[in-house]
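The block underneath contains the structure these notes are about, expressed in structure tokens.
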Amino acid sequence: GQQVMQIPQYQHVQEGEDFTTYCNSSTTLSNIQWYKQRPGGHPVFLIQLVKSGEVKKQKRLTFQFGEAKKNSSLHITATQTTDVGTYFCADSNTGNQFYFGTGTSLTVIP
Amino acid sequence: EAQVTQNPRYLITVTGKKLTVTCSQNMNHEYMSWYRQDPGLGLRQIYYSMNVEVTDKGDVPEGYKVSRKEKRNFPLILESPSPNQTSLYFCASSFGRTNSPLHFGNGTRLTVT
């Protein structure tokens, strides 16, 4: 099946530092969704990107879709302890299947 | 409250003993799906359903069955569980097709010994 690679797998940052996770696909993505899963919790939808080159912001979070629609990134400015969790990207193809990235686990050190 | 409800939250069973994990949503969503989450592999789709009586295989359907007899329910059935099906399972639903965000249940942690 389709593979969506996500890097890094783990990231430890000091509180206040920035954080970025990258999502890459060998094929063109239909659209990209981002989810956050708190430790012990379930994935929660953050945002969806549809257009090539699209950039969306949610407070300290910036989401970007690549021009070729083969990659995406999530950048968090000045991390806080509330940002702890695993961040997943997901591609849904026209056949209604969802392909999730492997996730990036973020630890924020106070 | 709009939600996706999965039961049970935790389940320990033995190889070969049939089990069912239930999933119910109260949002009148057409689309429902099942995922398993394993360390380093992210979330992998097992089965999905576009509507009542319409189901299709995801990426890892082997060893699983589903049914969609009612719009709100989408049970996951393991006819003969094996240890490699030990995992964290999530049910999710959404309004429609690929552009709708998924709403996840709280998960079911299954251990097969």
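The chains referred to below are lettered A, B, ... by the order of the sequence lines, with proteins before strands, and numbering in each begins at 1.
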Problem set entry | Side chain / backbone / both / neither for A/Tyr10 at chain B, heavy atoms under 4.5 Å | neither

Exercise. At a heavy-atom separation under 4.5 Å, does B/Phe90 approach chain A through its side chain, its backbone, both, or neither?
Worked result: side chain

For this session: Please state whether the side chain, the backbone, both or neither of A/Gln37 comes within less than 4.5 Å of a heavy atom of chain B.
Result: side chain

Problem set entry | 4.5 Å side-chain heavy-atom contact, A/Lys70 and A/Thr28 | yes

Problem set entry | Given B/Ser94, B/Cys91, B/Ser93, the one that forms side-chain contact (heavy atoms from CB on, under 4.5 Å) with B/Gln25 | B/Ser93

Seminar exercise, completed: The single option from B/Leu19, B/Leu78, B/Thr86 that satisfies side-chain contact (heavy atoms from CB on, under 4.5 Å) with B/Thr13 is B/Leu19

Exercise. Side chain, backbone, both or neither: which part of B/Leu102 has a heavy atom under 4.5 Å from chain A?
Worked result: both

Exercise. Side chains of B/Thr55 and B/Phe74: does their closest heavy-atom pair fall under 4.5 Å?
Worked result: yes

